[in-house]
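Counting begins at 1 with the first residue of the sequence.
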Amino acid sequence: MTKVRAALERDKVDFVVGVVFSNILAAIMRPVTESNTFLISTNAGPSTFAGRGCNPFFFTTSYNNDQVHSVMGQAATDSKYGRVFVMTPNYQAGRDAVAGFKSRFKGEVVDEVYVPLTQLDFSAELARIAATKPDAIFTFMPGGLGVNLVRQYRQAGLAHIPFLSTFTVDEATLPAQQDAALGFYSAASWTPNMDNAQNRRFVADFEAGYGYVPASYAAQSYDSAMLLDSAIRKTGGKLGDKDALRAALRAADFRSVRGNFKFGANHYPVQDFWLCQVAKRADGKFQTETVRKVLENDTDPWAAECRMR
């Protein structure tokens, strides 16, 4: 908060850009927007600011947090998985993930397990999965939890049960998971292999510059940079006219690495979502790749409650 206030009061910035965690976004939202400064989130997209809490000075280039989990619920329904075992960490984001999955899943949740955020050993939970014999599992296990779960799931001989996940197998965790994650599924609005000119250029430049496969955090940040560039160009660099600048941001007149992209009335993206699968490239690196489109031009479920027009 001290750094944000310094940026606003001392540096007089025109934009605050970034924020990975929703709790951090919640903490800085009021001081940034009440100073009539634009806040562009490159990852955090809580429902609290998508509906009645929408704000004319807030935009996000990622998604509403609920959406990605609901995509996997739809994918499970489309694949005709009747019985799914659900497991997430025992905190708000984990429970939100389960709610999102259930919002589009039409089958039976045969077990709903919540584990501590400090969980390292999943042997008891894996034994429950083996005993339950579900058609698939759905899990949201970010960071180190996901690394451990994926490795242990493979070691336990459960890989024949489809592994459906969100924020568990992606370019941020695959360097640690590697072969253990092969064939496992995720849901996303972007993958490195998306076949459009902007994405091919972005991935090639990123890998040349940093030596590893970019994750969605990088792709969303790249889109944020392109969004700002388009808005600044459209206003001729006259950043003092907030209404004109807002209109230019809303226009989103840039080529996204995701292909389809526009802002809804609540300044959250309207975009496509995909079922993705972990693959090993010819160069030995791991990445997620698109399997099929699950939702097209999807608007988040809270947008209708936004009164900003």
Side-chain angles (χ1 to χ4, degrees), residues 1-71 88-101 103 114 116-118 140-146 166-168 170 172 188-189 215-221 223-225 227-228 242 245-246 249-250 263-271 299-308:
M1 183 64 73
T2 302
K3 291 182 178 179
V4 168
R5 290 200 179 278
L8 296 172
E9 297 169 9
R10 183 193 64 202
D11 301 328
K12 308 295 183 184
V13 299
D14 296 297
F15 306 95
V16 174
V17 182
V19 191
V20 172
F21 294 103
S22 294
N23 59 324
I24 303 298
L25 179 65
I28 69 171
M29 173 67 86
R30 283 191 63 182
V32 175
T33 58
E34 287 181 358
S35 70
N36 288 351
T37 302
F38 287 99
L39 175 56
I40 315 293
S41 171
T42 59
N43 190 68
S47 60
T48 46
F49 304 130
R52 294 186 180 182
C54 61
N55 190 295
F57 284 94
F58 174 69
F59 291 79
T60 179
T61 57
S62 57
Y63 34 67
N64 165 245
N65 291 349
D66 302 12
Q67 284 178 290
V68 183
H69 308 300
S70 73
V71 171
T88 70
N90 189 17
Y91 76 123
Q92 190 59 49
R95 295 187 178 278
D96 288 346
V98 173
F101 177 80
S103 71
Y114 296 92
L117 276 168
T118 54
F140 156 68
M141 288 286 171
L145 282 83
T166 47
F167 311 111
T168 304
D170 60 22
S189 60
S216 59
Y217 308 105
Q220 291 157 188
S221 296
D223 272 355
S224 292
L227 169 67
L228 288 176
K242 302 293 185 178
L245 186 54
R246 183 180 302 106
L249 289 167
R250 282 176 174 166
F263 283 117
N266 58 355
H267 297 170
Y268 278 61
V270 176
Q271 60 189 322
T299 300
D300 73 88
W302 305 96
E305 296 183 11
C306 176
R307 298 172 182 174
M308 175 177 62

Review point. Between Phe263 and Phe59, what is the ring plane arrangement, given parallel below 30°, perpendicular above 60°, and tilted in between?
Key: perpendicular
Exercise for review: Taking the side chain as every heavy atom from C-beta outward, state whether Pro89 and Pro142 have any pair of such atoms under 4.5 Å apart.
Suggested key: yes
Study note, to complete from the structure: Between Pro116 and Leu145 the two heavy atoms that sit nearest each other are O-CD2, 3.9 Å
Check your understanding: Looking just at side-chain N and O atoms, do Thr61 and Ser224 make a donor-acceptor pair shorter than 3.5 Å?
Key -> yes
Exercise for review: Could you list all the ring pair (Phe, Tyr, Trp, His ring centres under 6.0 Å) pairs where at least one residue sits in residues 4-35, not counting sequence neighbours?
Suggested key: none
Check your understanding: Residues two or more places apart in sequence or in another chain: which of them pass side chain to side chain contact (heavy atoms under 4.5 Å, CB included) with Val4?
Key -> Leu8, Ile28, Val32
Review point. Are the side chain of Thr88 and the backbone N or O of Gly94 linked by a donor-acceptor pair below 3.5 Å?
Key: yes
Practice item. Any pair with a residue in residues 9-31 that passes side-chain hydrogen bond (donor to acceptor under 3.5 Å, both in side chains), sequence neighbours left out, goes on the list, sorted by first then second residue, please. Key: Ser22-Asn65, Arg30-Glu34
Review point. Just one of Asn64, Asn266, Thr60 clears the side-chain hydrogen bond (donor to acceptor under 3.5 Å, both in side chains) bar with Asp300, so which one?
Key: Asn266
Exercise for review: Hey, could you give me each pair passing salt bridge (Lys or Arg N to Asp or Glu O under 4.0 Å) that has a residue in residues 56-65? Not counting sequence neighbours.
Suggested key: none
Check your understanding: Are any non-hydrogen side-chain atoms of Asp96 and His69 less than 4.5 angstrom apart?
Key -> no
Study note, to complete from the structure: side chain to side chain contact (heavy atoms under 4.5 Å, CB included) filter on Asn43, not counting sequence neighbours, yields Val20, Tyr63, Tyr217, Gln220
Point to revise | Side-chain touch Gln67/Trp302, heavy atoms, less than 4.5 angstrom | key: no
Check your understanding: With distance as the sole test, does Thr168 use its side chain to make a donor-acceptor pair with the main-chain N or O of Thr166 at under 3.5 Å?
Key -> yes
Exercise for review: Taking all non-hydrogen atoms of both residues into account, name the closest pair between Ser189 and Gln271 and its distance.
Suggested key: CB-OE1, 3.4 Å
Point to revise | Met308 CE to Arg250 CZ distance, which is reported to the nearest 0.5 Å | key: 5.5 Å
Could you pull out every donor-acceptor pair under 3.5 Å between side chains of residues 46-58 and any protein atom, sequence neighbours left out?
residue : atom : partner : partner atom : Å
Asn55   : OD1  : Phe57   : N            : 2.8
Asn55   : ND2  : Thr33   : OG1          : 3.4

Exercise for review: Please report the shortest heavy-atom distance between Ala215 and Ala172, naming the atom on each side.
Suggested key: CB-N, 3.9 Å
